[in-house]
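Read the structure below first, then the notes.
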Protein chains: 2
Amino acid sequence: MLRKLPIRKKLMAEDADRARKSIGARRNPDSADAILDAAEAVLVESGYSSFSIEAVARRARAGKPTIYRWWPSKAALLFDVYQRLKRVENPDTGNLEDDLVGFLKNLFSHWHETSSGSVFRSLIAEAQSDATVAAVLVEYTKGRHAHTGQMIERAKARGEVAADVDSTLVADLVASFAWTHLLTNRLNEDEATLRRAVGYVLKGIAADDAGSVDAAAVRRRRRRIIG
Amino acid sequence: MLRKLPIRKKLMAEDADRARKSIGARRNPDSADAILDAAEAVLVESGYSSFSIEAVARRARAGKPTIYRWWPSKAALLFDVYQRLKRVENPDTGNLEDDLVGFLKNLFSHWHETSSGSVFRSLIAEAQSDATVAAVLVEYTKGRHAHTGQMIERAKARGEVAADVDSTLVADLVASFAWTHLLTNRLNEDEATLRRAVGYVLKGIAADDAGSVDAAAVRRRRRRIIG
DNA sequence: TATATAAAACGGGCCGTTCCGTTTCGTCAA
DNA sequence: TTGACGAAACGGAACGGCCCGTTTTATATA
């Protein structure tokens, strides 16, 4: 309920305001939630262009100093809003292609249908003009790639994937595809396109791919699983 | 030299200011170049966060109305700055892997060493809060993917790549990788990593890849070409 | 004369900060 | 257990500053 340390610590080591966090620092959790709710609402309803501290404060019926007390910047607030949102879980169908397609499908619809897409886009945009956010974002993506890479690692353990494959790099490729589609309003790709894209990463596009026919059959067979 | 129609027409059909473009519209080309120069300089020296019309005007010793006369928004100005920069040409080594690796290598160093990286990052960021830029950016990327896709099409013609491959989608994958690395300050990847990433797209990561040994030999042989 | 120009000023919005007076909540003595 | 105290949060208002996009004015140019 009551967090002892200010949220702002997440993004910034403050030298100032030492007095506050010395003992007291008893923030009103309802107020913090109201502010995060308002931030998310403003972002969804009016878009990133009109996302300002003042707008959030108005919406939350909070004072600007209250926001600045706990979040050092617009970006820190954005990041907390994003952190609060649910994440997409990695599928585990026993087949890497289905795992990756399912992952992308879930991610796209999650971004599209909830506010997390807007929030994440804003976060990326903000990172382009705020070095602190940029650093946090890079760290975050590293973690996400490692997490996504577990799907590839599982496929390795099954012998589905060569042992010397850099699973993080593969995750990077897949996530990059998702990022750019988010950033350019192309989250409507149908499953066939996603499957094709994943397939290119998985099987390559070489004409002399000996397994191509078999692979197509396997693909058809497994399409049922992920529905 | 002297463009008859305002640059702003590129991004926006103006209904207002009809009088100006009727016959007159004799813009001072030196002034326009000075403004674009100033915009680029501000962007490179102070970053996107301090890129404002006023800053550009100050730097160019121009009046704000002069800028607004010819560019409808900050975004339009940004886009013209980017358009003015040199593009990366597609390599044609006769081998798709080398083409793609060379393309990425050139793109990364071009983004890294010239101002085009900063400008493009800013453009993407701006697109997240300006629908007009977003539309222009999508159109632009479509064209770029088609252009990059020509490398894949050439490989198709050589029989290097299956005929039913969606070359635009492959270009999308490769470009997406580049985008996210630009957006997260990871343009320093060494060539080996680029080659590995491209290799995953080209040959897949399936363990039962029959051609993997031969492919590695071919790769070693051809590495000389692109240096 | 007609047009583009630079410069200045406008109203408006948001920034991040500083005050104000009020409310909340942990502490501690009665 | 109660109640007063004080620290620290709170909402609200206002500040100087920057930038927005526009308007006005006077100057230079062809």
Side-chain angles (χ1 to χ4, degrees), chain A residues 1-8 12 14 16-35 38-39 42 46-78 126 129-130 132, chain B residues 1-8 12 14 16-35 38-39 42 46-78 126 129-130 132:
Chain A
M1 244 341 163
L2 185 150
R3 280 177 258 190
K4 288 282 175 54
L5 291 178
I7 287 181
R8 60 193 306 184
M12 193 186 196
E14 72 258 10
D17 300 14
R18 266 169 259 105
R20 179 176 357 109
K21 73 174 179 185
S22 58
I23 295 186
R26 47 201 166 90
R27 179 173 61 161
N28 182 353
D30 295 341
S31 167
D33 275 343
I35 288 169
V42 167
S46 311
Y48 176 55
S49 58
S50 58
F51 180 74
S52 68
I53 298 289
E54 302 217 347
V56 172
R58 272 195 303 272
R59 171 95 190 199
R61 298 181 178 279
K64 275 202 297 174
T66 302
I67 298 181
Y68 279 107
R69 195 188 315 276
W70 300 109
W71 291 277
S73 66
K74 184 196 303 198
L77 182 55
L78 260 179
E126 192 69 22
S129 58
D130 185 324
T132 310
Chain B
M1 238 351 158
L2 184 147
R3 282 176 256 191
K4 287 283 174 52
L5 291 179
I7 288 182
R8 61 192 307 184
M12 194 184 195
E14 71 257 10
D17 299 12
R18 265 168 260 106
R20 182 187 342 118
K21 72 176 179 185
S22 59
I23 292 186
R26 46 199 172 89
R27 179 173 60 161
N28 182 351
D30 295 340
S31 168
D33 275 344
I35 288 169
V42 166
S46 310
Y48 176 55
S49 57
S50 58
F51 179 75
S52 68
I53 298 288
E54 302 216 346
V56 172
R58 272 196 303 271
R59 172 95 190 201
R61 296 183 177 282
K64 279 201 297 174
T66 303
I67 298 182
Y68 279 107
R69 192 187 308 278
W70 302 108
W71 292 277
S73 66
K74 183 197 301 197
L77 182 55
L78 259 178
E126 193 70 22
S129 56
D130 185 323
T132 310

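Everything numeric in this text was worked out from a predicted model, so none of it was measured. So you know, we letter chains A, B, ... as the sequences are listed, proteins then strands, and number each from 1.
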Round to a whole Å and report the spacing from [atom1] of [X] to [atom2] of [N].
X	N	atom1	atom2	result
B:Leu77	D:dC19	CG	P	15 Å
B:Ile35	C:dT5	CD1	C1'	10 Å
A:Tyr68	D:dC10	OH	P	15 Å
B:Lys64	C:dA7	NZ	P	13 Å
B:Ile67	C:dA6	CD1	P	9 Å

Can a side chain N or O of [X] be found less than 4.0 Å away from OP1 or OP2 on [N]?
X	N	result
B:Arg61	C:dA6	no
B:Arg58	D:dC19	yes
A:Trp70	D:dC10	yes

### Query
For B:Ala62, does its backbone N or O pair with a side-chain atom of B:Thr66 as donor and acceptor, under 3.5 Å?
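No; zero donor-acceptor contacts below 3.5 Å.
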[atom1] of [X] to [atom2] of [Y]: how many Å apart, nearest 0.5 Å?
X	Y	atom1	atom2	result
A:Glu126	A:Thr132	CD	OG1	10.0 Å
A:Arg58	A:Ser52	CZ	OG	5.5 Å
A:Trp71	A:Ile35	CH2	CD1	4.5 Å
B:Tyr68	B:Leu77	OH	CG	10.0 Å

### Query
Starting at the 5' end of DNA chain D and moving along, which residue's nearest nucleotide shows up first, B:Pro65 or B:Lys74?
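With B:Pro65 and B:Lys74 compared, the 5'-side residue is B:Lys74.
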### Task
Return the residues of residues 46-55 of chain A meeting this criterion: a heavy atom under 4.0 Å from some atom of DNA chain C. Order them by number, or give none.
A:Ser52, A:Ile53, A:Glu54
Atom of [X], atom of [Y] and distance for their closest heavy-atom approach:
X	Y	result
A:Ser73	A:Asp130	OG-OD2, 4.3 Å
A:Val42	A:Arg59	CG2-CB, 4.0 Å
B:Ala55	B:Ser50	CB-O, 3.8 Å
A:Ser49	B:Ser129	CB-O, 3.5 Å

Polar-atom pairs under 3.5 Å, protein N or O versus N or O of nucleotides 25-27 of chain D: list them with distances, or write none.
none

### Task
Among D:dG21, D:dC10, C:dA6, find the nucleotide with the atom closest to the side chain of A:Arg69.
D:dC10
